[in-house]
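Heavy-atom basis, side chains included; hydrogens, waters and symmetry copies ignored. Here is the naming used below: chain letters follow the sequence lines, and residue numbers restart at 1 for every chain.
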Protein chains: 2
Amino acid sequence: MPRVTIKEIARRAGVSKGAVSYALNNQPGVSAATRARVLRVAEELEWVPNRAARQLSAARSETFGLVLARTAQTLTEEPFYLGFVGGVESVLADRSYALALQVVSSLDEELATYRKWAAERRVDGVIVVDLRMADPRIALLRKLGLPAVLVGDPQLADGLPCVWTDAAAAMNAALGHVAALGHRRVARVAGPPEYGDVWIRDRAFFNAGRSLGLDLTLVHTDYSADQGAAATRDLLAADPRPTAVIYDNDLMAVAGLSVAQGLGAVVPDDLTLVAWDDSTLCRITHPRLTAMSHNIIGYGAEVTHRLLSLLDGAPPESHLYSTRLLVVRESSGPPAVRPTRCDRPPRYAPRPHHTP
Amino acid sequence: MPRVTIKEIARRAGVSKGAVSYALNNQPGVSAATRARVLRVAEELEWVPNRAARQLSAARSETFGLVLARTAQTLTEEPFYLGFVGGVESVLADRSYALALQVVSSLDEELATYRKWAAERRVDGVIVVDLRMADPRIALLRKLGLPAVLVGDPQLADGLPCVWTDAAAAMNAALGHVAALGHRRVARVAGPPEYGDVWIRDRAFFNAGRSLGLDLTLVHTDYSADQGAAATRDLLAADPRPTAVIYDNDLMAVAGLSVAQGLGAVVPDDLTLVAWDDSTLCRITHPRLTAMSHNIIGYGAEVTHRLLSLLDGAPPESHLYSTRLLVVRESSGPPAVRPTRCDRPPRYAPRPHHTP
DNA sequence: CGCTGTTACTTAACCGGTTCGGCAAGCAGG
DNA sequence: CCTGCTTGCCGAACCGGTTAAGTAACAGCG
């Protein structure tokens with residue numbers, strides 16, 4: 001079956017290739033009658049524009065790029081990414097734009113990918129996630145002239161357009177919630193400090209905690225379940241130990257819950273837990289986890305819209321997407337009046353090595 | 001900064017465009033000296049081939065397509081997909097192939113995507129996941145002449161090349177494990193019956209169970225945590241109830257564990273649980289879940305290799321990737337000698353409505 | 001020496017669109 | 001009636017590669 005090209009349409013409609021192009025692209029230069037005829041023929045022949053040809057001449061690829069610089073392992077764990085990608089896709093599909101998704105293992109590889117894409121004219125613009133402090137990608141994208149929308153706080157974006165959520169407000173809500181329940185010693189199990197969003201949330205944590213008069217502890221992790229579990233173990237071993245823990249993602253919160261229960265702690269009586277993202281994970285644990293919920297799919301969609309309008313000539317502004325919403329579930333409650341030590345017989349705790 | 005094209009290389013190397021193309025593509029027609037000179041100039045100028053131009057003339061897009069016909073919601077829940085995509089990417093990146101990833105919400109949209117891709121010459125080949133019984137995609141891909149590698153059993157692939165894992169062997173291992181522990185009443189919480197792999201595992205479940213002389217129960221779900229939880233609740237309410245449950249993914253297994261614990265059941269004393277995929281989820285619960293483990297990233301890589309060699313002219317064969325590996329953790333153990341009923345005071349169970 | 005065959009290149013067509021310059025027809029204005 | 005402007009369309013160049021066809025130089029060989 002031979003490919004249908006505009007040449008064929010031109011032949012059948014009795015006009016030139018150029019006229020067909022004008023007609024199909026809704027551009028002036030053809031009469032209404034001719035345009036209608038061309039469109040009808042194109043419809044009949046089921047013409048589909050050839051992306052490569054269009055890209056070659058128009059210097060547009062109709063593709064957006066998204067690089068994820070995480071290990072494949074992390075990606076399987078983090079419900080965030082595929083949801084975000086789904087949101088991006090949902091917008092692109094309508095516009096018949098494509099998404100070039102690249103999974104790399106380091107920031108350097110991500111930079112190399114941008115260079116390559118820019119040189120190949122592979123993408124019209126990129127979406128940048130996981131902003132770092134003084135992020136090297138920003139300077140590179142600026143130098144390459146590659147249109148970009150960053151996912152993260154304007155403080156991190158250095159003037160590039162970004163879409164962000166209000167971390168301070170979310171942290172106020174989270175800490176306000178546990179403070180209202182009566183908690184005074186509150187810990188935060190954060191992600192890696194090199195991530196800008198983590199830093200911003202760290203600051204918001206201290207600001208909000210100070211104004212509420214709380215006793216705060218901060219632990220950094222690599223966002224993994226293992227480190228979330230380890231951090232929780234350490235926090236519970238401390239004296240005095242926190243009565244509420246706020247996690248920076250939901251995976252660590254679930255791992256933390258598991259550790260606490262393994263040590264015999266009853267959630268929420270002995271310990272209140274709050275997760276940051278709110279995926280299904282938070283609803284399948286027992287008790288279910290209180291979380292700072294967030295519409296990740298909508299976030300991806302919003303970012304994509306911003307990139308599209310940026311290419312349409314919109315000014316490169318930053319946009320507040322929305323604030324996370326506190327969803328209270330059974331993992332949060334008032335602290336025990338006289339905080340108990342974890343001295344119930346642990347049911348699944350590893351046996352101490354020095355047992356006779 | 002002007003784009004570097006082969007025309008510029010030709011000018012600087014003092015040869016024609018055509019000669020440059022031969023040199024850069026390692027094709028005969030140029031002397032070793034000229035080839036070296038051209039390559040040096042290309043290197044100096046940091047030439048990168050323009051994908052669109054190459055695609056237009058060579059009628060190759062150097063892109064593989066992958067359509068995921070699931071709701072964005074499901075995708076955020078299932079650790080499988082992003083891991084698989086990561087595995088695919090890892091192979092493609094080396095070859096500087098790209099991946100066109102499309103997330104759609106129905107099978108019809110997936111079919112439409114293939115049609116579009118074929119018409120646009122958008123992709124050189126596709127990877128097809130989530131095979132159905134009598135899958136309509138197979139006939140379409142054959143008609144479109146779109147090279148494809150299917151992820152699933154040869155019985156489902158209708159002659160198209162596929163990469164699969166041995167479901168019967170895995171099911172034998174899983175049922176053998178619980179049977180060896182002494183379990184006799186075993187349930188399977190399966191995915192939707194329209195998925196071919198589910199059907200195959202269902203059959204393997206009955207075959208293996210019959211030969212082991214087990215008393216089997218099968219429940220179908222939509223793979224979601226909610227339905228996994230509901231199925232578990234129903235199974236535990238039955239009389240006699242199963243002493244071991246095998247779930248078709250890890251999300252449902254975690255949800256099932258949570259439900260069982262909520263009803264006061266002690267895992268594994270009262271109930272043995274086995275998960276099918278083995279993501280991080282299985283290791284962060286308490287107790288940790290026994291699972292039929294699987295290298296999903298490697299699976300994605302293998303499938304991609306097969307598609308690459310298919311395009312290189314390899315015969316369209318089916319390949320066994322590997323068999324899932326039983327990873328025994330704390331969620332499996334021998335059944336109680338005299339099975340207890342779930343009559344401990346549930347700690348978080350919803351209060352019965354008829355309580356005075 | 002002339003014929004043939006190979007090698008190393010050049011030229012030009014081509015992929016399927018976009019876009020610019022130009023031309024003819026139609027119309028208004030002087 | 002002539003000029004000038006607009007409208008509608010054509011033809012051709014162009015994007016940046018690949019590749020078939022053509023050609024010149026040279027080697028082998030009878």
Problem set entry | B/Ser105 versus B/Glu109, side-chain donor and acceptor atoms under 3.5 Å |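 A pair is found: one side chain offers a donor N or O, the other an acceptor, under 3.5 Å apart.
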For this session: Keeping to residues at least two apart or across chains, list the ring-ring contact (aromatic ring centres under 6.0 Å, His included) pairs with something in residues 28-64 of chain A.
Result: A/Phe64-A/Tyr97
For this session: Mark yes or no for whether B/Arg121, through its side chain, and B/Ala118, through its backbone, hold a donor-acceptor pair below 3.5 Å.
Result: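 Yes; judged by distance alone, with no hydrogens or angles, the pair exists.
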Exercise. Quick one: does B/Arg37's side chain have a donor or acceptor within less than 3.5 Å of a partner on B/Ala13's backbone?
Worked result: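 Yes, the answer is positive, given that a donor and an acceptor are paired below the 3.5 Å cut-off.
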Problem set entry | Base-contact (B) and sugar-phosphate-only (S) positions in nucleotides 13-26 of chain D, heavy-atom cut-off under 4.0 Å, - elsewhere | --BBBBBB------
Which donor-acceptor pairs under 3.5 Å do the side chains of residues 16-24 of chain B make with protein atoms, sequence neighbours left out?
residue	atom	partner	partner atom	Å
B/Ser16	OG	B/Ala19	N	3.3
B/Ser21	OG	B/Asn25	ND2	3.4

Exercise. Between B/Phe84 and B/Tyr299, what is the ring plane arrangement, given parallel below 30°, perpendicular above 60°, and tilted in between?
Worked result: perpendicular
Exercise. When the C1' atoms of the five terminal pairs at each end define the local axes, what inter-axis angle does the helix from C/dC1-D/dG30 to C/dG30-D/dC1 show, to 10 degrees?
Worked result: 60°
For this session: May I have the step-by-step check of side-chain contact (heavy atoms from CB on, under 4.5 Å) for B/Leu307 and B/Thr304, ending in yes or no?
Result: CA-CA 5 Å; B/Leu307 185 50; B/Thr304 312; 5.6 Å; no
Problem set entry | Nucleic acid contacts of residues 34-44 of chain B, taken as heavy-atom distances under 4.0 Å to DNA chain C | B/Thr34
Exercise. Can you find a heavy atom in the side chain of A/Leu141 that is under 4.5 Å from one in the side chain of A/Val126?
Worked result: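 A/Leu141 vs A/Val126: side chains touch.
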For this session: Apply ring-ring contact (aromatic ring centres under 6.0 Å, His included) to A/Tyr81 and list each qualifying residue two or more places apart in sequence or on a separate chain.
Result: none
Problem set entry | From A/Leu140, A/Ile138, A/Leu144, residue fulfilling side-chain contact (heavy atoms from CB on, under 4.5 Å) relative to A/Arg142 | A/Ile138
